[in-house]
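Every number for a ligand or one of its atoms is a count from 1 in the order of the listing. Every value quoted in this text rests on a predicted model; they were computed, and no experiment measured them.
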Amino acid sequence: MRKGLFITLEGPEGGGKTTQARWLAEDLQAKGADVVLTREPGGTAVGNGVRSILLDSSPGSISPEAETLLYLAGRAQHAAEVLRPSLHAGRIVVCDRYTDSTLAYQGHARGLGVEPLIAMNDFATGGLRPGLTLLLDIPAEVGLERQREHNRMEAEGLDFHRKVREGFLLLAERWPERVKVVDASQPPGIVRSRLWDIVWGWIR
Ligand code: TYD
């Protein structure tokens with residue numbers, strides 16, 4: 001099996017990324033892979049601090065620019081402390097959200113622009129981009145309906161989340177080799193096997 005692979009899971013709210021990321025890590029481990037399962041915002045002490053500022057603050061209390069820089073600060077630390085060392089050691093990294101979330105949420109939905117944020121992602125990560133991205137696609141209304149608790153981002157209106165989804169789909173059009181779209185409104189077990197087919201095909 002190839003080593004030092006970087007796989008991200010992305011998509012709008014309620015697509016079941018967190019469960020699927022865990023299952024994917026288990027499926028890879030069952031094949032003997034050395035897997036690191038991590039997430040953003042989070043993954044380090046700095047990232048968890050940033051996460052609580054970002055998600056627990058009241059709606060409207062963080063400017064779009066400050067929000068972007070906070071996600072990027074958490075990402076910079078995550079790349080330096082977890083992602084690069086793990087990949088360098090030949091491990092497979094499965095990351096629940098990464099650079100594409102910034103492009104879809106802040107770049108497209110918040111309207112800060114995708115192009116400048118591509119450059120800022122590269123600045124934050126030293127150019128560390130994923131090899132494979134699984135985009136768990138789900139209509140905004142279906143995804144939001146599935147969420148029980150609502151953090152600051154999830155409390156945004158339906159139009160915002162529609163733009164998020166649109167932003168992700170534009171990224172899949174832009175980078176079709178890297179970003180694979182999977183219909184996340186299917187039953188979780190079906191999504192799992194679809195993801196596995198993509199990942200296994202890519203790894204071998
Ligand atoms: P989280 O509870 O991890 O949600 P999910 O289970 O959907 O991943 O919250 C992360 C939130 O942060 C989510 O609403 C997406 C948002 N986000 C951004 O807006 N930009 C980013 O760069 C990242 C990584 C996340």
Atom 13 (C) of ligand 1 - nearest protein heavy atom and its distance: Glu13 OE2, 3.5 Å
Lys180 bridged to Asp197 by N-O distance under 4.0 Å: no
Atoms in ligand 1 with a heavy atom of Gln106 nearer than 4.0 Å: 18 (C), 19 (O), 20 (N), 21 (C), 22 (O)
Cluster overlap Leu28 with Val93, hydrophobic side-chain contacts below 4.5 Å: no
Note: Arg194-Asp183 ion pair, threshold 4.0 Å (strictly below): no
Atoms in ligand 1 with a heavy atom of Asn151 nearer than 4.0 Å: 2 (O), 9 (O)
Exceeds 12 heavy-atom contacts within 6.0 angstrom, atom CZ of Arg91: yes
Enumerated ligand 1 atoms positioned under 4.0 Å from heavy atoms of Arg75: 22 (O), 24 (C)
Carboxylate-amine/guanidinium contact Glu13 Arg165, below 4.0 Å: no
Ligand-side contact atoms (ligand 1) for residue partner Thr102, heavy atom cut-off under 4.0 Å: 21 (C), 22 (O)
Closest protein heavy atom (residue, atom, distance) for atom 4 (O) of ligand 1: Glu154 OE2, 3.9 Å
Residues, nucleotides or ligands: over 12 heavy atoms within 6.0 Å of Glu141 CD: yes
Note: Arg174-Glu115 ion pair, threshold 4.0 Å (strictly below): yes
Region of Leu54 engaging ligand 1 - heavy atom pairs below 4.0 Å: neither
Salt-bridge contact Arg110-Glu67 (side-chain N to carboxylate O under 4.0 Å): yes
Protein contact to atom 10 (C) of ligand 1 [nearest heavy atom, distance to 0.1 Å]: Pro41 CD, 3.8 Å
Closest approach of any protein heavy atom to atom 8 (O) of ligand 1, naming residue and atom: Arg97 NE, 2.7 Å
Nearest option to atom 1 (P) of ligand 1, as decided by whichever heavy atom of Arg51, Glu40, Arg39 sits closest: Arg51
Residue, atom name and distance, where the atom is the protein heavy atom closest to atom 9 (O) of ligand 1: Leu55 CD1, 3.4 Å
Mutual orientation of the aromatic rings belonging to Phe160 and Tyr105 [parallel < 30°, tilted 30-60°, perpendicular > 60°]: tilted
Tyr98, any N or O under 3.5 Å of ligand 1 N or O: no
Protein residue, atom and distance nearest to atom 25 (C) of ligand 1, heavy-atom basis: Tyr71 CE2, 3.3 Å
